[in-house]
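We name chains A, B, ... by the order of the sequence lines, and we start the count at 1 in each one.
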Amino acid sequence: MSSLRCIAKHPTISLVDSSTSLRELKQIHTQLLANGLLNDPLLLGQFVAAIALNNPSNLDYSNQVLDRCENPNVFTLNSIIRAHSKSSTPQRSFHFYNKIQSAAHLSPDNYTFTFLVRTCAQLLARETGPSVHADLMKHGFEHDPHVQSGLIYMYAELGCLDSCHRVFAGVSKPDLVCQTAMVSACAKSGDVVFARELFDKMPQRDPIAWNAMISGYAQCGQSREALNLFYLMQLEGVKVNEASMVSVLSACTHLGALDQGKWAHAYVERNKLRMTVTLGTALIDMYAKCGNMNKAMEVFWGLKERNVYTWSSAMNGLAMNGAGEKCLEIFSLMKQDGVQPNEVTFVSVLRACSVVGLVEEGHEHFESMRKVYGLEPQLEHYGCIVDLYGRAGRLYEALNFIDNMPMKPHAGAWGALLNACRIYRNTELGELASRKLVELEAKNHGAYVLLSNIYADSKNWDSVSNVRRIMKSKGVKKLPGCSVIEVDGEVHEFFVGDKSHLRYGEIEAMLGEISRRLKLSGYVANTNPVLFDIEEEEKEDALCKHSEKVAIAFGLITLREGVPIRIVKNLRVCWDCHDVTKMISKIFNREIIVRDRNRFHHFKDGECSCKGYW
DNA sequence: ATAGGGTTAG
């Protein structure tokens with residue numbers, strides 16, 4: 001609402017806000033024209049900016065207003081460039097930039113370039129961005145602090161860290177804002193170590209600087225570092241705000257650290273931070289991805305405002321947790337509420353259909369993307385449809401769909417088919433899919449593992465060892481599995497075969513007990529080559545080595561009876577672990593919730609919520 | 001008279 005500050009000076013223009021209808025705008029326009037007020041470039045600029053900024057859907061109209069003006073000045077045009085740079089159609093900024101350039105009596109100023117650089121960042125304009133940079137240098141604005149920090153932001157968005165460094169090196173005395181922009185740029189581009197060095201060297205740091213560094217850690221996956229820095233921020237008595245908490249929550253989400261996430265939620269309430277849409281959405285995402293979907297929905301319904309992120313987060317959580325019908329219900333409510341779904345929303349819609357097995361409905365939603373919402377389906381959506389057919393056992397329709405994709409099928413599409421082939425034990429199609437997958441991603445260990453499982457299922461041991469040989473010769477390595485469990489607010493990480501935990505002795509004893517009790521109840525350890533889940537030297541002892549089993553054992557030792565064991569795993573759960581976990585949930589009478597890289601498994605009484613499909 | 005850095009979903 002900052003635009004209202006300057007506008008309030010004129011009584012009529014000050015009336016314009018987001019609720020002003022187009023008809024009312026036209027009346028005001030006529031009135032202003034009749035009084036000759038729009039000949040005043042100041043008022044015109046304010047009017048145009050008010051229309052556009054307070055309601056982006058009015059941009060068209062503000063353009064018309066401007067077009068009817070005979071000689072807009074730079075202020076007026078800057079206002080509209082600014083409005084466009086923040087809108088969903090930033091490219092239209094250039095129309096007005098060109099106007100400035102082509103008018104003999106006009107010349108762009110430092111404001112123009114500040115906004116235009118923003119536009120380029122929004123557009124990820126790889127070519128135009130640098131050319132705007134060249135333009136502003138021609139006009140001699142490269143030493144303007146606003147322009148400089150804007151350029152650093154832009155190059156970070158464009159993924160040109162080198163250019164960020166060049167701009168930054170050219171700043172004689174970088175101020176707080178510029179330094180923060182650079183910290184953020186480096187962290188976003190993956191050089192978080194350098195970002196931290198810069199951050200540590202800053203002579204003074206305000207909350208935004210801290211937030212930049214914390215979110216830098218959170219965004220590059222260094223969640224524990226993000227949390228550590230947040231604690232440091234509190235120790236130093238820096239004022240924590242909503243944005244800080246959003247990053248903290250995002251770190252908790254990635255760790256699957258429900259206790260810490262709950263603590264962060266309580267912190268927000270205790271400190272009376274504003275429950276903004278962004279913060280609310282981060283909370284929903286945290287609860288959903290830490291396996292507490294009820295709490296996620298409680299937060300969801302408690303919010304005053306929900307945007308497309310909010311709805312999509314809730315829907316994604318429901319789909320991930322296997323609540324497909326509920327996800328589709330929320331989707332209907334979202335539409336009733338007048339919030340436009342986007343591509344991300346549709347990923348959840350299609351996954352929900354897939355989970356429920358609603359093949360036709362899923363296909364209709366897919367079609368509606370283009371027809372009803374003007375959204376072009378992306379690779380992910382095609383992958384979802386393959387999965388939709390595949391899970392329903394309609395493997396050849398899945399294949400047919402892949403064959404008719406308008407673009408080259410990606411690894412995700414073949415991967416979805418391969419997974420379906422594993423579930424439905426179709427060796428022939430599985431071979432085809434994995435061959436394609438390997439063509440696309442020669443080092444995709446998942447393709448080999450799934451293919452090997454398919455061969456093993458059909459007792460084709462020669463082919464199993466063949467797959468293993470190929471993997472070896474190509475140097476395909478499996479990403480080390482890692483499972484995380486939180487106990488008393490402390491996050492414990494277990495890697496495959498990792499015995500470094502302080503209490504490993506107890507864990508080993510518990511693994512032994514699990515194994516004994518499993519055998520007693522008739523479980524036969526799967527030591528045949530099915531378990532060639534290509535983890536090399538682990539076969540003989542596979543039962544005890546997969547990271548989730550170690551984490552579950554640790555949970556059984558440390559968590560009180562009746563407390564669910566929550567595990568976050570970086571890979572998909574393997575077949576055997578899935579079986580074993582089902583049995584543990586029954587034998588030890590313990591609810592076990594595993595978040596793998598795709599979805600949730602809620603194990604209870606010997607059953608899993610995924611019903612064997614994942 | 002219009003500026004610059006931090007925050008959410010696949």
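- At a threshold of 4.0 angstrom between heavy atoms, the contacts of A:Asn78 include nucleobase atoms, whether or not backbone atoms are also involved.
- Taking atom CG on A:Leu151 and atom P on B:dA3, their separation rounds to 18 Å, with Å as the unit.
- Considering only side-chain atoms of A:Pro145, the nucleotide from B:dG10, B:dG4, B:dT7 that sits closest is B:dG4.
- When the nucleotides B:dG10, B:dG6, B:dT2 are ranked by their closest atom to the side chain of A:Ser79, B:dT2 comes out on top.
- Residues A:Asp135 and A:Tyr97 bring a donor and an acceptor atom of their side chains to less than 3.5 Å of each other.
- Candidate nucleotides B:dG6, B:dT2, B:dT8 were compared by shortest atom distance to the side chain of A:Asn211, and B:dG6 ranks first.
- In this structure, A:Leu176 reaches the bases: a heavy-atom distance under 4.0 Å links it to at least one base atom across the strands shown.
- OP1 or OP2 of B:dG10 sits under 4.0 Å from a side-chain N or O of A:Asn316.
- In this structure, the CG atom of A:Leu379 is 17 Å from the P atom of B:dG10, given to the nearest Å.
- The nearest whole Å value for the distance from the CE atom in A:Met182 to the P atom in B:dG4 is 20 Å.
- The stacking criteria are not both satisfied for A:His146 over the base of B:dG4, which would need a centre-to-centre distance under 5.5 angstrom and an angle between ring planes under 30 degrees.
- No N or O donor and acceptor, one from the side chain of A:Asp144 and one from the base of B:dG4, sit under 3.5 Å apart.
- The distance from atom CE of A:Met213 to atom C1' of B:dG6 is 12 Å, rounded to the nearest whole Å.
- Using a 4.0 Å cut-off, no side-chain N or O of A:Lys86 falls inside it from OP1 or OP2 of B:dA3.
- The side chain of A:Arg82 lies closest to B:dT2, out of B:dT2, B:dT8, B:dG4.
- The side chain of A:Ser215 lies closest to B:dT7, out of B:dG10, B:dT7, B:dG4.
- Considering only the side chain of A:Val246, B:dT8 comes nearest among B:dG10, B:dT8, B:dG6.
- Every residue meeting the side chain to side chain contact (heavy atoms under 4.5 Å, CB included) condition with A:Thr345, not counting sequence neighbours, appears here in chain and number order: A:Val308, A:Ser312, A:Met315, A:Phe331, A:Met334, A:Pro341, A:Asn342.
- Side-chain contact annotation: A:Thr89 with A:Ser87, donor-acceptor N/O pair under 3.5 Å present.
- In this model, the phosphate group of B:dG10 is not approached by any side-chain N or O of A:Arg351 to a distance below 4.0 Å at OP1 or OP2.
- To the nearest angstrom, C1' of B:dA9 lies 13 Å from CG of A:Leu318.
- Separating the CD atom of A:Glu305 from the P atom of B:dT7 is a distance of 19 Å, rounded to the nearest angstrom.
- In this structure, the CD1 atom of A:Ile284 is 14 Å from the P atom of B:dT8, given to the nearest Å.
- No side-chain donor-acceptor contact under 3.5 Å links A:Ser313 and A:Asn316.
- Within the 4.0 Å cut-off from OP1 or OP2 of B:dT7, at least one side-chain nitrogen or oxygen of A:Gln219 is found.
- Closest of all the heavy-atom pairs between A:Gln234 and A:Val240 is CG-CG2, 4.2 Å.
- In this structure, A:Tyr382 and A:Phe366 have perpendicular ring planes: the angle between them is above 60°, well past the 30° mark.
- Among B:dT8, B:dT2, B:dG4, the nucleotide with an atom closest to any side-chain atom of A:Tyr309 is B:dT8.
- Regarding contacts with the backbone of B:dA9, every side-chain N or O of A:Thr281 stays at 4.0 angstrom or more from both OP1 and OP2.
- Contact annotation for A:Phe346: no contact, since no heavy-atom pair falls under 4.0 Å across all strands.
- Across all strands, A:Ser312 comes closer than 4.0 Å to base atoms (heavy-atom distances).
- Across all strands shown, A:Gln378 has heavy atoms under 4.0 Å from base atoms, whether or not it also approaches the sugar-phosphate.
- As judged by a 4.0 angstrom heavy-atom cut-off over every strand, A:Asn73 is placed among the base-contacting residues.
- Put simply, the side chain of A:Asp206 and the base of B:dG6 share no donor and acceptor less than 3.5 Å apart.
- The minimum heavy-atom distance linking A:Val167 with A:Gln148 is given by the pair CG1-O, 3.9 Å.
- With rounding to whole Å, A:Met154 atom CE is found 20 Å from B:dA3 atom P.
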